[in-house]
Amino acid sequence: MKNKTSCLPREGEARPSRCPDNSAFKQQKLPAWKPQLTIVTVLCTFFLTGVFCLSVGVCLILSTNSVREIQVDYSDKCSDCSKLRENSSNWDKECHCSVNFTLKEDILGDVFMYYGLQNFYQNHRRYVISRSDAQLLGRKVNVQKSYCAPFTTYQNGTPMAPCGAIANSMFNDTIDLFYNLNSSLIQVPLLKTGNSWWTDKNVKFRNPKSYNLSSAFAGTARPPYWQKPVYLLDEEDERNNGYVNDDFVVWMRVSAFATFRNLYRRVRRIRQFADGLPAGNYTFHISYNFPVTKFKGRKYAILSTVVWSGGSNPFLGIAYVVSGTAAALTGFVIAAIHLKLRKKKTYFQK
Amino acid sequence: MSLFGLKFGKKKLKEEERQLQANNRDFNLQFEYANNTIKTSKYNFFTFLPLNLFEQFQRIANAYFLFLLILQLIPQISSLAWFTTVVPLVLVLAVSGVKDAIDDFNRHKSDKHVNNRPVQVLINGMLKDEKWMNVQVGDIIKLENNNFVTADLLLLSSSEPHSLTYIETAELDGETNLKVKQALTVTSELGEDLQKLTEFNGEVKCEAPNNKLDKFTGTLTLQGEKYALDNEKMLLRGCTIRNTEWCFGLVIYAGPDTKLMQNSGKTTFKRTSIDRLMNVLVLVIFAFLALMCLILAIGNGIWEYDKGYYFQVYLPWAEGVNSASYSGFLMFWSYVIILNTVVPISLYVSVEIIRLGNSFYIDWDRKMYYPLNDTPAQARTTTLNEELGQIKYIFSDKTGTLTQNIMCFNKCSINGKSYGDVYDMSGQRVEINENTEKVDFSYNQLADPKFAFYDHSLVEAVKLSDVPTHRFFRLLSLCHTVMPEEKKEGNLVYQAQSPDEGALVTAARNFGFVFRARTPETITIVEMGETKIYKLLAILDFNNVRKRMSVIVRSPEGDLTLYCKGADTILYELLNSSCESLKEETTEHLNEFAGEGLRTLVVAYKNLDEDYFQDWIGRHHEASTALEGREDKLSELYEEIEKDLMLLGATAIEDKLQDGVPQTIETLAKANIKIWVLTGDKQETAMNIGYSCNLLNDDMEDVFVIEGSTSDDVLNELRNARKKMKPDSFLDSDEINIQFEKSSKPPKILPDEQANGVYGLVITGHSLAYALEGNLELELVRTACMCKVVICCRVTPLQKAQVVELVKKYKKAVTLAIGDGANDVSMIKTAHIGVGISGQEGMQAVLSSDFSFAQFRYLQRLLLVHGRWSYIRMCKFLKYFFYKNFAFTLVHFWYGFFSGFSAQTVYDEWFITLYNLVYTSLPVLGMSLFDQDVDDRWSMLFPQLYVPGQQNLYFNKVVFVKCMLQGIYSSLILFFIPYGAMYNTMRSDGKAIADYQSFALMAQTCLLIVVSVQIGLDTSYWTVVNQFFIWGSLSVYFAITFTMYSDGMYLIFTASFPFIGPAQDQRSQKEATSTLTQETPASDQHPPLWLCLLPSAWLWSTHYVWEKHAAKITFCHNGNVFTK
């Protein structure tokens, strides 16, 4: 085999030689790392992966197990309320209901209150796009041109503020928590701000600029399903009103799935709740405004603590454990195959 | 070009016959002949955009994306923003468009350059400098030495005697030797007398423009007399005038009508099997896409009926939608838009880029560069690379391909005595090697120093003035068509049309019969130092039917002699009966020569009677000016005079094997490639070469020779051969026989059959003609394909192509034809891949080939290294490409089941836009340009590594299905792990993160990491570039993502970048939730990755086991330690 080719220019040659350059790139000789698979590296990789995943998985499971969570399905608890809400003409009638539950042990640490919805397709494409981000930034926009349809304007031409199906369907139950201590009801202090994402609250949502909020929203009307206009969402706190209302902002971050929970309130750690929720009887006082029975949905009130890995969802830990086990098993299988092959080979050589 | 052709075609009827008059523009203008402007460009400034777009949208992939774009513009259907399709489409169109534009710009430039070349045109009795494009049919132009010929001209006169003109046709057919053209005597009288030339008003009638380079028929009418015109009087555009001071020509065809232009632009498009497979797969993917969309559309119908109807409280149906089934129908199209990425638009562009890159490697390879004539290898077609890794049959020419085509006068037989062998004192024949003493030619001043001869007895015979020996060499120095060039006194260079002739004339020169000069009527030779001028009375030229040539000369002494040389079979029929005994001896010598693989010729002479000759020459003159049946009349005359010849002897010319041919053939055979040699040589010569280059060897069970002269004989011989190789194949139970019986029609593809040993087959051209007929065809294929080596001898160029065609037709195999001469062109064009050897025999083979290089031995590197790499790279590329698009797209499919089948995408629209173009294109390109599973040394050392390519193992339908399944598996994991991990979960600060944007970000990040890891696992050769591409793409992803999801982008382009928050919310939330500890959700992004690693890990481990296995095989084969 003649691999060596010399590219000496011929003598007396006027034109340049057509001999290709001797560069590593052109000769396909670029230095390269050629990972070689040996039984050691392969087994090491599998076992290390397995060990890593298993340990992460175990940690995750242990930590999620320490999460305390109480979930109350109240969609049917107040049957007259749900019936009342099935007819939308009753929108202005108030309906209250109470749900009792008991805590056997104290829930220590930060306690968060969520509302959960099931079978509510917040991830439907037409629902997801049905909003006007520009409007929510406080800009003057023609909502007719946005994807808000059919919740853009009323027949008389008054634009809705905020427009779109998402805003219109905002969760509007109010849930209060009471602690029954010696037959007296103590309202658990709840924080209604600081529940939304920072970027949402500070960047994504802004109220139109004006000397006061009601004038800023002059010329617009509330969405049809709302009981009050947007500038009255929180009359007590100016920084929690209008488009930057935390409940509104949280709702506007649409969920990826049809079953979801949104942060509603945080327990304020003062007085007897300084360490969390003490054991005892509690009552949810709910102002029932949000109809779910019409589309076979359900709604929940949830109390939960969190740990470093998040909430009570054990999936991640289990997934890690499963993958870790699978990787380790694979390692064993490969080791077995290898040993078998090696035996055969020695046999063959005899 | 085609458009213009159309226009012209409509404007005037097809030209039947061309009629023109010299110096009469008015007359010629009425025919509206094209002038000498050429236009090879396709577009101009204004037509570029519409024409180019029109052409590009004829491609199915581009048209498909246009269709998608139109779908997206329908608001009810549009499920993705318009830019997701427009950006990739525009990019692809722009890349192709820019390439076309550059090509066309270059064509414009060269057109302009050519059209503006100056030439002297005779106008109104004056020579005027004109541009080429202004030359008209019927003009008389003057050309000078080294000028390019402006148009197809009729040669009128030249500076040389007898109006000879020497031309080089390199640009036309690539041959570099000089050719002679001669004007008619009647026009050559015009000389350079401008007056006469201006008055010249000959009328030419000739055939319509055509592309036949070697044929021209026409008549010139001058003052009532008709003169025949043929190709010998034509100067074609593309040639160059050499050794001629000036000449005048009459323009016959100009511009687009010239033979050069008529020949251009008709390249047959070869496509690789992967191309065809890819088209099938794209159709399969379309079907798969339709199926998915149908499932989702039905799902949407059911969902809208079951849930969406009630959910209307919060989300009323879109305007115009009034039933669930109509919504389903709309959703079908919406999903077509979303899932379109399973048919990747960038596939075709990427494939082209990879092929181009791999072609460049061939051009750049120093190990395929031949320093002796400064020839690098060249990939002339850039679209066939991967097929080089799948070759199963090689069809090779012999002369010039396996051999050097440098002819050496090696042996001869003169008057019954054989010369050329060297004997030692004891009379034993001695092997000739470098140390053997060469014959000393120093007595001859004009001898060629490169010529080597070893038998001293021949020189002695010459020196002793042995009459037959002198006559023998005199014949060799007279009877040929070689042109001498003597630039320096005594430094003779011969320009020979065939290397055999050159070798014979050189031999005569060295032995003291130096051919020195030639005019049309004389030949000057220096006989043993004494200059003699022979009068050349007639040349009875060579052609393939006659297989001989003769000259009739009158010596200075006045003797009339006919000298003839030709093939033995022909010449033996023409000998005088008195030569019987000499004939026998010479035959013996001839067989000996042929047995050594030498090319033989027989030479003979005849003394002519003066009276007879005068009579003959008279008739000859008559015949050669005849207008009708000229050829027949001449050949009759030739036959009449070429008889009763006196045998002189025979010559034997050696055509040396090229370096490394036996080794190359051995390596290729180990790679399971079957080699067929197709040669015009005699059977003995061919077989001998077969043995000497290791094609045939003694290890073979048998070498069958098929030489039957009737159809039945051939059939029997073929059947007997097959019976011996595989007796089972005659049983009724044989697979193929069953196939035969089942269908009346012959089966399309024959499966491979295994013989019970190694066999060779030799078939002569005569038998081949029968074997290629009708029903014998199948028999030939079955028998021949069982043999390891097939040699076809005495075959015509057409038969070569037929043989290739035959194998292509019945075998599902990739064929390669390699050759160097014009007679190999048809074969090179027929085979899947044509390789040209840029050697001695001109450039025609190279010009029609797909790859070219200088030496046969480079073939093994082309196939085993470049071919194998290209194939593996292409397969890896396709596997990965389909995988990544499936993994990418199918996530949407699964999400459909959880989002009410509403065509909601999982990823951000920008991610969809950039995924194929930016995030994943470079790593895979890097792999397909740099990957090497083993380095070139190993591929050459273990040719068995080539076999998987032949069997198409690395990419086929099964592999595709596997990729698809892997993609589906990955997409399942990529969807369900984030789904499970985010379902009802919250951040460590208590805020919910199961929102759509976070989910999208997590899914797309996981996807990108997974496909990057996958490419990492597929890459076995990590160069800097690979590292850079992979890490770079990931960083670019993160950079772009953070930029697009930033506050600024949101505030400026609110509608386009709504994904603010998920990526950077973590960093800025501290102040808001100071009491709570925090953890980025990034930790949640690992698990899917780890799970997705599993399929890769599985692949990895199986790959590992397989490689061990392969190593073992190699180990057993070679007894070497495979220490990789």
Side-chain angles (χ1 to χ4, degrees), chain A residues 1-3 5-8 17-20 22 26-28 30 32-34 37 42 53 110 112 121 123-128 133-134 137 150 165 169 194 197-200 203-204 253-257 260-263 294-296 306 308 310-311 313 315-316 319-320 323 326 334 337 341, chain B residues 79 310-311 313-316 318 361 364-367 369 371 374 376 660 663 898-900 902-904 940 977 980-988 990-992 994-996 999 1020-1023 1047 1054-1055 1058 1060-1061 1065 1068-1069 1072-1073 1076 1079 1084 1087 1090-1091 1094 1097 1101 1104-1105 1108:
Chain A
M1 207 174 309
K2 295 207 169 173
N3 274 342
T5 310
S6 59
C7 279
L8 293 173
S17 163
R18 288 158 70 201
C19 182
N22 192 11
K26 288 190 172 180
Q27 301 308 316
Q28 304 199 61
L30 281 181
W33 172 56
K34 289 168 262 183
L37 296 175
V42 170
C53 288
D110 293 315
F112 299 85
Y121 280 82
N123 59 359
H124 193 283
R125 177 170 56 89
R126 279 187 296 112
Y127 186 87
V128 171
D133 283 322
L137 269 171
S169 60
W197 287 30
W198 188 89
T199 38
D200 285 356
V203 181
K204 213 169 173 182
R253 183 159 279 279
V254 293
S255 162
F257 314 109
F260 60 93
R261 52 174 68 168
N262 278 340
L263 182 58
K294 266 189 145 175
F295 58 92
K296 297 176 199 154
V306 291
W308 59 269
N313 184 351
F315 180 87
L316 210 53
Y320 264 115
S323 14
I334 290 177
I337 292 172
L341 274 183
Chain B
S79 47
Y310 303 101
F311 195 59
V313 206
Y314 290 124
L315 185 66
Y361 286 135
W364 288 334
D365 195 340
R366 281 163 78 92
K367 287 178 185 166
Y369 167 78
D374 192 28
Q663 293 90 324
F898 296 86
S899 63
S902 58
Q904 175 64 23
M940 299 275 252
I977 301 276
M982 294 186 83
Y983 186 78
N984 269 354
T985 201
M986 46 275 224
R987 292 199 312 230
S988 52
K991 294 171 185 174
D995 67 290
Y996 167 69
F999 176 68
S1020 48
Y1021 195 78
W1022 286 78
T1023 63
D1047 306 357
T1054 310
I1060 180 177
D1065 190 48
S1068 44
Q1069 61 175 307
T1073 57
L1076 302 169
E1079 170 73 18
D1084 296 339
W1090 286 114
L1091 264 195
L1094 276 181
S1101 53
Y1104 163 74
V1105 175
K1108 278 293 243 191

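Protein chains get the first letters and strands the later ones, always in sequence-line order, with residue 1 at the start of each.
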Trainee: Check the pair Y996(B) / N123(A) against side-chain contact (heavy atoms from CB on, under 4.5 Å), numbers first and verdict last.
Mentor: CA-CA 7 Å; Y996(B) 167 69; N123(A) 59 359; 5.5 Å; no
Trainee: Quick one: pull up OG in S323(A) and CD1 in I977(B) and give me the separation to the nearest 0.5 Å.
Mentor: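 Spacing of OG (S323(A)) from CD1 (I977(B)) equals 6.5 Å.
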Trainee: Does Y361(B) reach the side chain of K26(A), with side-chain heavy atoms less than 4.5 Å apart?
Mentor: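 No; the side chains remain at least 4.5 Å from each other.
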Trainee: Before giving the answer on ring-ring contact (aromatic ring centres under 6.0 Å, His included), spell out for F257(A) and F999(B) the whole-Å C-alpha distance, their side-chain angles and the decisive distance to 0.1 Å.
Mentor: CA-CA 9 Å; F257(A) 314 109; F999(B) 176 68; 5.1 Å; yes
Trainee: Which heavy atom of L316(A) sits nearest to which heavy atom of A981(B), and what is that distance?
Mentor: CD1-CB, 3.5 Å
Trainee: Do the non-hydrogen side-chain atoms of V128(A) and Q904(B) ever get within less than 4.5 Å of each other?
Mentor: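 They are in contact (side-chain heavy atoms under 4.5 Å apart), so the answer is yes.
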Trainee: side-chain contact (heavy atoms from CB on, under 4.5 Å) for K991(B) and W197(A)? Distances and angles first, verdict last.
Mentor: CA-CA 8 Å; K991(B) 294 171 185 174; W197(A) 287 30; 4.2 Å; yes
Trainee: Could you tell me which portion of S899(B) (side chain, backbone, both or neither) has an atom closer than 4.5 angstrom to a non-hydrogen atom of chain A?
Mentor: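 Both parts, backbone and side chain.
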Trainee: Ring centres under 6.0 Å, that's the criterion: do Y314(B) and Y121(A) meet it?
Mentor: no
Trainee: For R126(A) and L315(B), run side-chain contact (heavy atoms from CB on, under 4.5 Å): C-alpha distance rounded to whole Å, both residues' side-chain angles, the deciding distance at 0.1 Å, then the answer.
Mentor: CA-CA 8 Å; R126(A) 279 187 296 112; L315(B) 185 66; 4.2 Å; yes
Trainee: Give a yes or no on whether the backbone of R366(B) and the side-chain of Q27(A) come within a donor-acceptor separation of less than 3.5 Å.
Mentor: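 Indeed, once roles are kept as given, a pair shorter than 3.5 Å links the two residues.
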Trainee: Would you name the heavy atoms of G990(B) and V306(A) that are closest together and state the gap between them?
Mentor: CA-CG1, 3.9 Å
Trainee: So F295(A) and Y310(B), ring-ring contact (aromatic ring centres under 6.0 Å, His included) or not? Walk me through it.
Mentor: CA-CA 5 Å; F295(A) 58 92; Y310(B) 303 101; 9.7 Å; no
Trainee: Okay, side chain of N313(A), backbone of Y983(B): is any donor-acceptor separation there less than 3.5 Å?
Mentor: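 A pair under 3.5 Å: yes.
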Trainee: Judged by modelled atom types alone, do S17(A) and Y369(B) share a side-chain donor-acceptor pair under 3.5 Å?
Mentor: yes
Trainee: Give, as side chain, backbone, both or neither, the part of V254(A) having an atom under 4.5 angstrom from any heavy atom of chain B.
Mentor: both
Trainee: Is it true that a side-chain atom of S902(B) and a backbone atom of R125(A) form a donor plus acceptor pair closer than 3.5 Å?
Mentor: yes
Trainee: Checking D374(B) side chain against R18(A) main chain: does a donor-acceptor pair fall under 3.5 Å?
Mentor: yes
Trainee: Enter the distance from Y1021(B):OH to Q28(A):CD here, rounded to the nearest 0.5 Å.
Mentor: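 If I round to the nearest 0.5 Å, the distance is 8.5 Å.
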Trainee: Looking at chain B, which one of A165(A), S255(A), A134(A) has the largest number of heavy-atom pairs inside 4.5 Å, strictly under?
Mentor: S255(A)
Trainee: Taking side chain as everything from C-beta outward and backbone as N, CA, C, O, which of these in L137(A) sits under 4.5 Å from a heavy atom of chain B? Side chain, backbone, both or neither.
Mentor: side chain
